[in-house]
Amino acid sequence: MIRFEQVSKRYPNGHQGLDNLSFHIRTGEMVFITGHSGAGKSTLLKLIMCMERPSSGAVHVGGQNLRDLGSDDIPYLRRQIGVVFQNHQLLFDRTVFDNVALPLIINGTPADEVGRRVRAALDKVGLLSKENSYPIALSGGEQQRVGIARAVVHKPALLLADEPTGNLDPELSAEIMALFEDFNRVGVTVIIASHDLPLIARLHHRTLTLDQGRLLADGES
Ligand code: ADP
Ligand code: ADP
């Protein structure tokens, strides 16, 4: 599903995001990316989404070398990927329903299909009863679940998350991770960048540890 071959990323200001990184993630895996702040976790995710391009080496996603993607192809790539951010980036002047519906509206899904899909996604994250609420009325954990519903509403094959539990206490963090495991169980490939080592250690998934853009370890934590 994802293959990095000797990937380096140097930013225009000279910062080294990744340094000769190689790894392979198969379809259906659930993998943590960990390492200190600045280790290259976000850079790795941005390269998968084609938000950044490698300085050297090759990134393959779904059998395709991203080097071969033109700007017209990137929306198609992104439709196969769901992304969850730490600060969930919800629109606070829209209801929960409208926030989750956004990716479907953007890709032109018919209205009756939008309603069905949004409710299915909200049901998966346990928030069906909140579809008419505004995000401000929800707890931090609920807001993050809305972010996850929005990330999966178009049924992506690949789910990426960047520090998805960064603002949550340990109990809510565990609930969020359990949701990711649910999606993984139905076949979604899940990649989570996190520096929450105690949480990662409890879950026993493959963990790639980065240090200064290099792969320090690859195994179950
Ligand atoms: P992490 O997510 O593990 O904290 P990042 O991928 O954000 O690490 O950062 C890795 C390195 O790349 C750091 O040295 C950081 O300063 C640098 N970096 C990240 N994004 C940019 C950017 N847009 N411009 C310049 N340097 C960047
Ligand atoms: P549908 O009736 O649209 O086929 P499902 O009952 O199969 O919906 O799934 C409902 C919700 O579960 C989806 O909107 C999505 O949030 C999530 N889901 C199910 N399967 C997948 C998948 N393969 N990839 C991502 N999300 C999925």
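We use all heavy atoms of the structure for the numbers below, so side chains are in, but hydrogens, waters and symmetry mates are not. Read the numbers this way: they start at 1 and go in the same order the structure lists the ligands and their atoms. Just so you know, these numbers come straight off a predicted model, no measurement behind them.
Using a 3.5 Å distance cut-off with no hydrogens or angles, the side chains of H205 and E181 do pair a donor with an acceptor. Judged by distance alone, the side chains of T109 and N107 do bring a donor and an acceptor atom under 3.5 Å apart. For the 3.5 Å distance criterion, the side chains of N132 and T95 fail to qualify, holding no donor opposite an acceptor. In summary, the side chains of S55 and Y11 do not present any donor paired with an acceptor at a separation below 3.5 Å, with no hydrogens or angles considered.
When all heavy atoms of L138 and K130 are compared, the closest pair comes out as CD2-CD, 3.8 Å. In plain terms, the two heavy atoms of N99 and L91 that are nearest each other are OD1-N, 2.7 Å.
Residue H36 approaches ligand 1 through these ligand atoms, each under 4.0 Å from one of its heavy atoms: 3 (O).
Taking atom 5 (P) of ligand 1 as the reference point, the nearest protein heavy-atom neighbour is T43 OG1, 3.7 Å. Looking from atom 8 (O) of ligand 1 to the surrounding protein, the closest heavy atom is G40 N, 3.1 Å. Closest to atom 16 (O) of ligand 1, if we only count protein heavy atoms, is H15 ND1, 2.8 Å. The closest protein non-hydrogen atom to atom 7 (O) of ligand 1 is S42 CB, 3.7 Å. Of all protein heavy atoms, the one closest to atom 27 (C) of ligand 1 is Y11 CD1, 3.2 Å. The shortest contact between atom 25 (C) of ligand 1 and any protein heavy atom is with N13 ND2, 3.2 Å.
Not a single heavy atom of E163 sits closer than 4.0 Å to an atom of ligand 1.
Among G38, P12, S37, G14, the residue whose heavy atom lies closest to atom 10 (C) of ligand 1 is G38.
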Where do I2 and H24 land on the side-chain contact (heavy atoms from CB on, under 4.5 Å) test, with the steps shown first? CA-CA 6 Å; I2 292 167; H24 178 210; over 6 Å; no
